[in-house]
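All values reported here derive from a predicted model rather than from experimental measurement.
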Amino acid sequence: MSVGKHGMVFSEPLLFELKGGGKSGMDLPELDLPLIDAAELLPAEFLREAAELPELSEPEVVRHFTRLSQWNYSVDGGFYPLGSCTMKYNPKVNEVAASIEGFANGHPYAPYGCNQGIKRLLFEFEQDLAEISGMDAVSLHPAAGSHGELTGMMLIRAYHLDRGDLKRTKVLIPDSAHGTNPSSASVCHLESVELPSGPDGLIDMEALDRLMDENVAGIMLTNPNTCGLFETNIERVCQLVHERGGLVYLDGANMNAMVGVTRPGDMGADVLHFNTHKTFSTPHGGGGPGAGPIGVKSLLEPYLPRPVLFEKDGRIEMDFDRPKSIGKVRSFYGSTGVLIRAWTYIKTLGAEGLREMTLWAVTNANYLKARLAGDFHLPFDSQHCMHEVLLTDKFQQERHVSTMDLAKGLIEAGFHPPTVYFPLVVSGALLIEPTETESKETLDHFADALLELSKKSHEELAELPKMPPVGRVDEVLANRKPILRWQPES
Amino acid sequence: MSVGKHGMVFSEPLLFELKGGGKSGMDLPELDLPLIDAAELLPAEFLREAAELPELSEPEVVRHFTRLSQWNYSVDGGFYPLGSCTMKYNPKVNEVAASIEGFANGHPYAPYGCNQGIKRLLFEFEQDLAEISGMDAVSLHPAAGSHGELTGMMLIRAYHLDRGDLKRTKVLIPDSAHGTNPSSASVCHLESVELPSGPDGLIDMEALDRLMDENVAGIMLTNPNTCGLFETNIERVCQLVHERGGLVYLDGANMNAMVGVTRPGDMGADVLHFNTHKTFSTPHGGGGPGAGPIGVKSLLEPYLPRPVLFEKDGRIEMDFDRPKSIGKVRSFYGSTGVLIRAWTYIKTLGAEGLREMTLWAVTNANYLKARLAGDFHLPFDSQHCMHEVLLTDKFQQERHVSTMDLAKGLIEAGFHPPTVYFPLVVSGALLIEPTETESKETLDHFADALLELSKKSHEELAELPKMPPVGRVDEVLANRKPILRWQPES
Amino acid sequence: MRYFPNDPQTRQEMLQRIGVSRPEDLFAAIPANLQLTSLLNISAPRSEYALLKELKAKAASYPSELPSFLGAGVYRRFIPSAIAPIVSRAEFLTAYTPYQPEVSQGTLQAMFEFQTMLSLLTGMEVANASMYEGASATAEAVMMAKRVYAKGSKVLVSAGLHPEYLETLRTYLSFGDLELVLIPLQANGQTDLEALKAQLDETALCSVLQRVNFYGVIEDASAHAALLEGFKALNIEVLPEMTALGLLKTPGELGVDIFVGEGQSLGLPVSYGGPNLGVFACKAEFMRKMPGRLSGMTEDSRGERAFCLTLSTREQHIRREKATSNICSNQALMALWVTIYLSLLGKSGLRQLAQTNLTLADYARQQMGAAGLKLRYSGAVYNEFVLELPCNAGLWVDKIQHEGLLAGVNLNRFNAEDESGLLLSFTELNSKQEIDLLVSKLKELL
Amino acid sequence: MRYFPNDPQTRQEMLQRIGVSRPEDLFAAIPANLQLTSLLNISAPRSEYALLKELKAKAASYPSELPSFLGAGVYRRFIPSAIAPIVSRAEFLTAYTPYQPEVSQGTLQAMFEFQTMLSLLTGMEVANASMYEGASATAEAVMMAKRVYAKGSKVLVSAGLHPEYLETLRTYLSFGDLELVLIPLQANGQTDLEALKAQLDETALCSVLQRVNFYGVIEDASAHAALLEGFKALNIEVLPEMTALGLLKTPGELGVDIFVGEGQSLGLPVSYGGPNLGVFACKAEFMRKMPGRLSGMTEDSRGERAFCLTLSTREQHIRREKATSNICSNQALMALWVTIYLSLLGKSGLRQLAQTNLTLADYARQQMGAAGLKLRYSGAVYNEFVLELPCNAGLWVDKIQHEGLLAGVNLNRFNAEDESGLLLSFTELNSKQEIDLLVSKLKELL
Ligand SMILES: Cc1ncc(COP(=O)(O)O)c(C=O)c1O
Ligand SMILES: Cc1ncc(COP(=O)(O)O)c(C=O)c1O
């Protein structure tokens, strides 16, 4: 399974380089009226020349994108242990669910009753997420994890402001945090204060004690953190923050290590986000769409984005009358199509399956850890890892072999590389997240390949990958001379 | 577009070599009854040990077959000019059509009224095929072209037998015919008599005159024939056969050169088959399913397979009461799912589009002919070719380069080879059928590649292809020592 | 027209290169009187939107949402969502016969896996890559028997064979000189083996037995096999509802020579009866007499495992009139579908599925028996049986449809004299609840 | 559980290798009091069959078959069947952000093509690879304006902006110190440019104008642009119904600085409003201030053309708190969908589509006018307009739903004082016939 082979993949020009002219690949519905020329209805100065879109037939378009697709690595095609991203198998039934006609066509402003079914589904989904996380209320609005972070931080700010506590404009963020955390904080005008990790990769309680003051709105932490470690002091952290008037935001990107085993709400988190495209198996789509529902404790409930779903007389209604709400953070009510997939996943696994999911995600990660320990540097080894294992290139660097070399070598061996050079708290990070949907057989192939690569020289690895459609790509050139669109040759 | 590149394709073990055990990749619907052990209901001697099927999870199965698929060349992935096979683009809407719930679930024995919709569709499809071919009646039963041939030959035999003409046990078949023709004739106990082609690749009228006697049930001819030529004497052929008491079977595999331009029924054919998977764009599926509807003149109508559709009081009914019918040739009523696709195609193109289809299929073939003539031997050049062009390796053989070398070279260049070594009437045939859904751009790339290959030496070509997942495959070994299934290692 | 890539100007360039001015000129070889001078009498081009609307309207006549007990050769199965996305991958869907193995290893390995899977399921030594469907495959089996035992002339066929298979077989045989002899059923619904025995002699070419017969009764296949011992007649087993092999002894164990199945029962959509899938397997000794395609394991030029079509000398494109069958295009994609279905179902799943079918049919038999309804046959069943209605089956079925049930197949369809027989089928898509509803409707008849 | 590949025995082997006896032991770092001791209060595992049945039942509450005139920011489009099979190819669907360009050229080239396509459509110099959706993208545009013009503090927003976009913008701004000033509409439905003018000074950060505004009226964008000349305030154009660009002058031509669109209107399913697609484009000079991902053209080690993510130093994973946006996962698959949609539609198709929308809306306006119904605004429209009903819009819409029409959006939803406004939208999925039916229903009100 691991050995690369050559394949049926061909080069393909840009869409705009294909010869077109005078055709369309789409037949519009018949119009039972004479088509009016826009010039008859609209002032000439409103009108444009036709946009120079390609003019291609359906077969040309289908072949073009089919060929492009064949250059991609994917979960269905192979092992994709991208740490922090939970690249688990995306069940096919989820896709069927989201494309059911009444869901795909459902208009958010349709009259009373039309959307009862989808509202009921979303309400159930909120309830399940609340139960999974131990939170009191859930909002499905945010479009992705980072949007959830932003929304959550807005809630925290709204809470403080509502209480007249105007000076809390800082937020503590561990140095191991994902880039979205400080960035989301910035968007709602909170200043990030970096919280250094301790030598064990966990939150440094002394630093926290030192930094947590009356100007701090709260803390944004990730648990398990991005080193794959459970924050063992989590309760004390929350307690301390709470005592000093702050609130706790929990980045739920790593929920795949906790569902059915432990709950952030029980730890003391006040608000958290879920990444449905990680924990709940919705496909990553080459970068999205995701969904980033948030869960909150009741103290933050009044501030949730509007509208909020509630049940009344057996029907699910929308409450728009939320005077303390931060307002909307997007149009409509969330990435519904994504949420349908996630609902389907949760209902498929059920309580038992969700716990199994977590147990075996963590087992898979620890198995890889066991296979790779010794040959790879484990920067933090005070506990079993959670759903992902963090290695570094420290041992390999002695022979000038870097994480980058290993990553490109893995590509050659037929694997997607792990997340590299993140988290930033260690040098040359390799963050490996196998997920529960990979077999031992695959893990062994991967471990074998990585162990073999780790013995190669930098010179041998520098030439890799040779097999993919392109060789190593020059990212520096791309940055220096950005070409962001095709231009017609003049 | 033509240049091969390496790709995301990996080796993959056999399904049975994946490690399984104790799992299933499918959850059956919940049973609201206690499951009874078979041993309680059935005699022990009726029962088996469980079949040793693989025990895999859904992700493993999906990945396995996804990886396998990545080793295939396909129409959506590239140019597939397989002569006699009409590898045109298979529209996506056809797939949607066939999977509509009421069609996918429709049970052939459902009570009155349930299947009116599908019956109406099939009836309309019969009418359109009759119009396209100039025949009087159509049966949709046959499962593929060859099954249509067999059914058609049965009709011819039934016709003669019904008239008490018992001695007509031979059938004339041109030497250029597809193998299914003589083979289908054999299945219904007709002896094939080979009709030699004339030097122009067409039916030799003298030979026909000589061979067409009172022991001959009829002729099975292909028009345009497999050399890509229109049988210019077709009317005289039919007339002669008819005068001597025979009937004319027309192999409609090449309808893509005739639809909307000319009609076999007008030429004198008594029965013909269609290949929906050629002319009417239904996908080839790696070898099938196809559908092989047949059209007949009224003299053969009484013998058609049962039941026959007819309209009565605005409803479509089935006539089972057909005393002269040959009976059934299969269970149920045909490859319905395939026929729905073909109906959709015909209705999409409409009368205008169907004619366009033919005009541009023939134009594309002649364009390739124009590009390749001179560098390749054209065995028959008395007319424009129809929808496909026949070349041979005669010129290349002077340098010991064979059709096989060229085919494998084309693979390396990123194309599917044409049909090779068929028809048998020429040595080293290359039968190229571009179809109307290919662009000039693609045809030019292909012609360029073939012209370049034609200049290479045998030695250079013998090593090709290098790029695909496997090198040249040893077919001789496979035949000598047939291994037709995986065996558990003992 | 959205399917045609060449625009008018490009077309002109092409015509110019060819040396004609209009595409019509390319058809000069067609006598003028044969050239159409007007458009075909076919509707004008229609948009995708309009057509899908019409198609949905047409499909809507079928009441998909009703509980259904229709079977009789085509079975309602739970079809996992994971199959269609794989089968419809363009690399499988839009390829053709793997004549060029270097660019078809996906299809070829999947075919090989299908052959293996079917061998494992049936216990037969060799399975081919597919036939059209069960009925014509049964005819092919008989024709193959003739290749194996040239002297045989009498085709013994159980009356429990699906009537449409029987009719198809008759059609195929009607142009040759084999004689078809029908072996009746006993009162319990099993084939009368005594009657069969009486026909056995050296002219007997084969005996065709549908193991779970058309009326749902499981035949005594061991006794059947024992009877054939000592005769040259080939033992041909037919099995439309192949999930029964989740429980029943394999044809391989039972000494069957040629096995024919209908692969639709292994997870294909009902789809009005087609496209379906002929399953064909036999003893290894008959391998070279077999019809249909075969994928074989071999090596490539680098010495690695590879697959290719093999034993092609049996086939029409090589052997022409002497081929073992005329089949060319077959049911490759359906075979792939079934391979994925069985891969997902797996060893334990198949067993559970079969037991589920058995359980539901047994529950229905018990309930109907208890309610005082009459079963036509007493023999053991798998998931189908015949009810003897106290009224006209056709009228009742139509009535009950309007009350929200597709109650079963009216046997009058196959036998004009049979006015009261209703063939009921129970699969994993049924439930106790549905059966209770059916029984309550049936009770109204008493 | 069908998604978990390791069987119990394999799991034991793995645990053994790890050195624990039960998977629970791996969670020792979690304080005991935080470990759940019972299962979550979530339903038991359910079969695919049961769930799909339930999902279909839930979806059935939506009357998909009814003619619909609902728009207001999410538009019913004809979606060609060719899109879904490509977008759902596992290679696109189950990949993630193309961090490793060597194994992601498909996604990267498609992103680059999307950027180009949107540049061509909008006439803007640079388009990014996607934002979440139109409303938050509008907020991002304002925040970007602040990065461009640091001194600006007053955000001028037309009252014709979609109310949900406006509310979203207010949310985003409520934690900073930018001031939002709403510019009212004139009686004809266009933004009151005089009122805007009065607000223009050096504190004006930007002017946000929805070109085909929420009430369907086309704004005079040239006059708007002219007004901004001489001020540092950025010209931000918002356009939820992007097919209008099949006819209307491009924001590029009009001197717009930042363009925000809702890509749902370019062929995405309505899907209850999500996932949708934020389109974001700007002048090249602002490129490095832009939020969101960008695919750039470069070379590989063999000197061949290749693509990779670029200008990443703007992004959160590099720049953290100083990033131009916090966006990470985005709407890549939706962008791919739109790229395919626009590729199929093409130059002439887009124009025809837009004219079709225009024609239908105009027909409706004519018919309603002739019938004596009152339009709220007189300004030119594209495919939407507001009708002034002689009754309560909410009640009428509910009533008409039962008579078989989804008659439009009741504006009361956005403004408690508005009891009679009905926003109607006309797309290529409507027809004269449907409009005639609607008009006949409306006539009953007179
Ligand atoms: C730890 C962590 N937090 C937050 C995010 C952001 O989530 P999203 O990409 O859904 O915005 C990610 C995404 O990779 C992450 O890994
Ligand atoms: C000329 C000709 N006749 C008949 C056939 C047989 O058709 P089918 O494969 O549909 O059985 C073919 C198939 O390639 C063919 O090319």
Side-chain angles (χ1 to χ4, degrees), chain B residues 24-26 32 36 38 53 55 61 65 68-69 71-76 100 102 104-109 111 116-117 143-144 146 179 182-184 186 188 192 230 284-290 327-328 331-332 335-337 350-351 359 367 383-384 439 468 470-473 478 483 485-486, chain C residues 5 14 23 26 29 39-40 42 44-45 58-59 61-62 64 70 86 90-91 94-97 101-103 105-107 116 132 135 164 167 171 175 247 269 271-275 296-298 300-301 306 310 316-317 320-321 323 326 328-330 332-333 343-344 346-347 349 359 401 409 432:
Chain B
S24 170
M26 196 188 302
D32 50 357
I36 304 181
L53 303 185
E55 298 182 89
V61 172
F65 288 101
L68 288 194
S69 77
W71 298 345
N72 271 3
Y73 197 98
S74 66
V75 173
D76 278 5
I100 296 173
N105 291 345
H107 193 287
Y109 300 152
Q116 256 313 296
S146 188
S183 171
S184 297
S186 290
C188 73
S192 304
F230 190 86
H284 285 79
K328 291 188 78 66
S331 55
F332 316 110
S335 299
T336 313
L359 297 186
Y367 180 73
Q383 45 170 266
H384 291 300
S439 68
V470 294
R472 280 206 199 183
V473 174
I483 306 177
R485 55 166 291 191
W486 167 87
Chain C
M14 295 172 75
L26 297 170
L39 285 177
L40 291 170
I42 282 187
K58 283 190 151 86
S61 73
Y62 197 85
S64 287
L70 296 164
I86 306 175
E91 291 86 340
T94 74
Y96 201 16
T97 312
E102 295 83 1
V103 289
Q105 285 297 304
T107 295
T116 302
Y132 299 134
E164 297 202 1
E167 188 176 345
T171 302
F175 302 99
L247 295 174
S271 192
Y272 202 56
M297 191 189 283
T298 181
D300 75 354
S301 52
T310 192
Q316 45 72 27
H317 65 283
R320 303 179 72 86
E321 66 275 10
N326 65 326
C328 176
S329 291
N330 48 81
L333 203 71
S343 309
L344 289 168
K347 179 176 172 176
T359 299
Q401 185 203 334
V409 174
K432 170 182 181 299

Can you give me the closest heavy-atom contact between [X] and [Y], atom names plus distance?
X: C:Lys347; Y: B:Glu55; result: CB-CG, 3.7 Å
X: C:Gly106; Y: B:Trp71; result: N-CB, 3.6 Å
X: B:Ser439; Y: C:Pro5; result: N-CG, 3.5 Å
X: C:Gly273; Y: B:Pro108; result: N-CD, 4.0 Å
X: C:Ser271; Y: B:Thr336; result: O-CB, 3.6 Å
X: B:Pro182; Y: C:Arg320; result: CG-CB, 3.7 Å

Does some side-chain heavy atom of [Y] sit less than 4.5 Å from a side-chain heavy atom of [X]?
X: B:Ser186; Y: C:Asn326; value: no
X: C:Tyr132; Y: B:Ser146; value: yes
X: B:His107; Y: C:Tyr62; value: yes
X: B:Val473; Y: C:Gln105; value: yes

Option in [options] with maximal non-hydrogen atom pairs under 4.5 Å from chain C:
options: B:Ser335, B:Gly285, B:Ser24, B:Gly337; answer: B:Gly285
options: B:Ser183, B:Gly102, B:Gly350; answer: B:Ser183
options: B:Gln383, B:Lys328, B:His284, B:His384; answer: B:Lys328
options: B:Gly290, B:Ser184, B:Gly286, B:Gly327; answer: B:Gly286
options: B:Gly287, B:Gly179, B:Ala478; answer: B:Gly287

Exercise. Check each atom of B:Gln116 against the heavy atoms of chain C and say whether the ones under 4.5 Å are side chain, backbone, both or neither.
Key: both
Quiz item: In terms of heavy-atom proximity below 4.5 Å to chain C, should B:Ser192 be classed as side chain, backbone, both, or neither?
Solution: side chain
Interatomic spacing from [atom1] in [X] to [atom2] in [Y] - rounded to 0.5 Å:
X: B:Phe65; Y: C:Leu344; atom1: CZ; atom2: CG; result: 8.0 Å
X: B:Leu68; Y: C:Ile86; atom1: CG; atom2: CD1; result: 9.5 Å
X: C:Asp300; Y: B:Arg472; atom1: CG; atom2: CZ; result: 12.0 Å

Between [X] (side chain only) and [Y] (backbone N and O only), is there a donor and an acceptor less than 3.5 Å apart?
X: C:Glu164; Y: B:Phe332; value: yes
X: C:Ser329; Y: B:Gly288; value: no
X: B:Ser69; Y: C:Glu91; value: no
X: C:Thr94; Y: B:Ser74; value: no

